[in-house]
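To keep things clear, I will list the structure first and then write my remarks on it.
Chain letters run A, B, ... following the sequence lines, proteins first, then strands; residues in each count from 1.
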There are 2 protein chains.
Amino acid sequence: MSQVQEEPKVAKDTKEKILRAAMDLMALYGYKGASVRKIAKAVGIRESAIYNHFKNKEEIFKTILASLFTTPFDDFFENHPPEKDAIEGKNYLMKFAATIKELSFDARNEKLFRIIMLEIMQSDEVRKQFLKYFFDENIKKLSTAFFVMMQHALIRSGDPILMAQEFFAPLFYYRLEITLFRMDERPTHSLSSIFEKHVDFFWEGIAL
Amino acid sequence: MSQVQEEPKVAKDTKEKILRAAMDLMALYGYKGASVRKIAKAVGIRESAIYNHFKNKEEIFKTILASLFTTPFDDFFENHPPEKDAIEGKNYLMKFAATIKELSFDARNEKLFRIIMLEIMQSDEVRKQFLKYFFDENIKKLSTAFFVMMQHALIRSGDPILMAQEFFAPLFYYRLEITLFRMDERPTHSLSSIFEKHVDFFWEGIAL
DNA sequence: CAGCTATGTTAACAAGCGTTCTTTTTAAGG
DNA sequence: CCTTAAAAAGAACGCTTGTTAACATAGCTG
C-alpha cells in the first residue's frame with residue numbers, strides 16, 4: 001500500500017529548494033545574473049549536483065516560467081464570472097482592483113512580477129505569456145464585464161475593449177510603481193489606497 | 001576659418017561610434033548581454049581600443065544613460081507650458097498624447113525605451129531616473145495642467161495628481177504594448193490611433 | 001625631420017560561466 | 001549485510017567576460 005506517494009522524498013525536497021533559490025536569485029539578478037553556482041550555493045550543494053535534478057539551466061527557468069503565469073487572474077474571473085457578476089457595476093471593478101492590490105503586496109507574486117519585468121525584453125516565452133495574460137485575456141474578460149454593464153445601462157456606451165484597457169492600464173501602472181518603489185526601499189503605504197481611488201475616479205467618468 | 005571644429009576628428013568619431021554601437025547592442029541584449037567585444041566588433045576595432053575612449057564598460061553605460069532621459073518630455077512642457085496652454089483643454093491633452101505617440105514610433109526613442117525597460121530592475125540609476133521622469137516630474141507638470149482646467153471649469157474638480165496619473169498611465173501602457181509587439185514583429189498599425197482614442201475617452205469622463 | 005600624443009593591435013590575465021566526467025557518499029530493500 | 005540506485009562532491013573542460021600591458025602606427029607640432 002501507500003502506492004500513492006512512491007517518489008523519493010529527499011530528491012523532491014532539493015528539487016524544490018533549487019527552484020525556490022533560482023526564483024529568488026532570478027527575481028534579484030535576472031536569468032543571466034542567477035548563475036548555476038550561485039543557485040547551488042544558495043541551496044547548499046555543489047553546482048554539479050544541480051544536474052541530477054535538471055537537464056540544464058534553461059530547464060530550471062522553464063519550470064519556473066510554468067508556475068509564473070498560473071492562476072493570478074484566472075482565479076478572479078472564475079470566482080467572479082463577468083457574465084454574471086458584472087451587474088454589480090462599480091462593486092465588480094472594486095473587487096478586481098482589490099485582487100490586483102492584494103497581488104501587489106504579496107511577497108511571492110512580487111517575485112514573479114519582478115522576473116517577468118526582468119525578462120520580458122529578453123525571453124520570447126515570458127513576453128508571449130505576458131502579452132497573453134496582461135493584455136489579451138485579461139482585457140477580453142474585463143471587456144465582457146463592461147459590455148454587460150452597458151447592457152444594463154449602468155455605464156455610458158462605448159467600445160468595451162477600449163474601456164477595459166483604460167481601466168486596466170492604471171492598475172498595471174500602479175503595480176509597477178509599487179515594485180519599483182520597493183526596490184529602492186521607498187515606502188509604499190501612500191500607494192495602498194490608490195487602487196480604490198482609481199476605481200472611484202474611473203467609475204465617475206463612465207457611470208450614468 | 002573653420003576654427004569651429006577644433007577637436008580631433010577621428011577620435012570623436014569612434015567615440016560616438018562606440019556609443020552608438022553600445023546603445024544598439026544594449027537595446028537588444030541589455031547591459032550584460034552587450035559585451036565589450038561585441039561592441040568593439042560592431043565598431044570595427046579591437047576591444048582593447050575601447051579603453052582609449054572610456055575608462056570601463058560602466059562609463060559607456062553611464063554616458064548613454066546621461067543622454068537617455070534628456071528632453072523627451074521637457075521639450076513638450078517647454079513648448080507647451082501648462083500654466084498658459086492648459087486652457088486649451090482637450091486639445092492640450094491631445095497634443096501631449098501626440099508627443100508620446102511620436103516617441104513611440106521614433107526609432108531612436110524606441111531604443112532608449114528598450115534600454116530603460118531592460119535595466120529598470122537592475123540599475124539603480126535607470127530606475128531612479130525613470131521614477132523621476134515617468135512618474136514624478138511628468139505627473140507634476142500634467143497635474144498643473146489639470147489644475148488649470150479645473151480653475152477654468154473645463155473639467156470636473158478632483159485631485160489633479162490622481163487625474164494626471166490616470167491620464168498618463170494608459171499612455172505608458174500603450175507605449176509598452178507597442179514596444180513588445182514590435183519585438184515579436186507583430187503589426188502595430190492597429191495601435192496607431194489608440195492614443196487619440198484614449199484622449200477622447202478620458203476627456204468624456206472628466207469634461208463638464 | 002624629430003618627437004609627442006592619440007589611437008590602434010596583439011597577447012595575455014584572472015575570474016566567472018554552463019556543463020560533463022569520475023568518484024564518493026548516502027539511503028533503502030531484499 | 002550486501003546490493004543497488006540516487007544524490008552529492010570534486011575536478012576539469014572549453015568558452016566568454018572585463019581589463020591591462022606592451023608594442024606599433026599613424027598624424028600633428030615644434
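- Judged by a 6.0 Å distance limit and a 45° cone about the ring axis, B:Lys140 is not positioned over the six-membered ring of B:Phe77.
- Across D:dT19, C:dT9, D:dA12, the shortest atom-to-atom separation from the side chain of A:Glu47 is found for D:dA12.
- The shortest distance between the side-chain N/O atoms of B:Arg46 and the OP1/OP2 oxygens of C:dG8 is not below 4.0 Å.
- Taking 3.5 Å as the limit, the base of D:dG18 and the side chain of B:Asn56 contain no donor-acceptor pair of atoms between them.
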With side-chain contact (heavy atoms from CB on, under 4.5 Å) as the test, would you mind laying out the steps for B:Leu142 and B:Gln165 before giving the verdict?
CA-CA 8 Å; B:Leu142 272 176; B:Gln165 286 174 316; over 6 Å; no
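- Listed nucleotides: C:dC17, D:dA8, C:dG8. Nearest to the side chain of A:Ser35: C:dC17.
- Checked by distance alone, A:Ser48 brings no side-chain donor or acceptor within 3.5 Å of a matching partner on the base of C:dT19.
- For the pair A:Tyr51 OH and D:dA9 P, the interatomic distance rounds to 15 Å; values are reported in whole Å.
- For D:dA6, the base has no donor-acceptor partner in the side chain of A:Asn52 [N/O atoms by modelled type, under 3.5 angstrom].
- Rounded to an integer number of Å, the gap from A:Lys38 NZ to C:dG16 P is 10 Å.
- Nucleotide C:dT5 holds its C1' atom 13 Å from the NE2 atom of B:His53, rounded to whole Å.
- Here the side chain of B:Lys57 is nearest to one of C:dG8, D:dA9, D:dG18, namely D:dG18.
- The distance between atom CD1 of B:Ile18 and atom P of D:dT19, rounded to the nearest whole Å, is 13 Å.
- Atom CD1 in B:Ile39 sits roughly 14 Å away from atom C1' in D:dT16 (whole-Å rounding).
- In this structure, B:Ile50 atom CD1 and D:dT20 atom P are separated by 14 Å, rounded to whole Å.
- Comment: A:Lys197 does not engage B:Glu166 in a salt bridge, judged by the lack of any side-chain N to carboxylate O separation of less than 4.0 angstrom.
- Atoms NZ (B:Lys32) and P (C:dC17) sit 8 Å apart, rounded to a whole Å.
- Between the side chain of A:Arg37 and the base of C:dG16 there is no donor-acceptor pair of N/O atoms closer than 3.5 Å.
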From CA spacing to verdict: salt bridge (Lys or Arg N to Asp or Glu O under 4.0 Å), A:Lys62, A:Glu125
CA-CA 9 Å; A:Lys62 288 267 179 71; A:Glu125 186 61 23; over 6 Å; no
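- Annotation for A:Glu102: atom CD does not count as buried by contact number, only 12 or fewer foreign heavy atoms lying within 6.0 Å.
- Rounded to a whole Å, the CD1 atom of B:Ile60 is 14 Å from the P atom of D:dT17.
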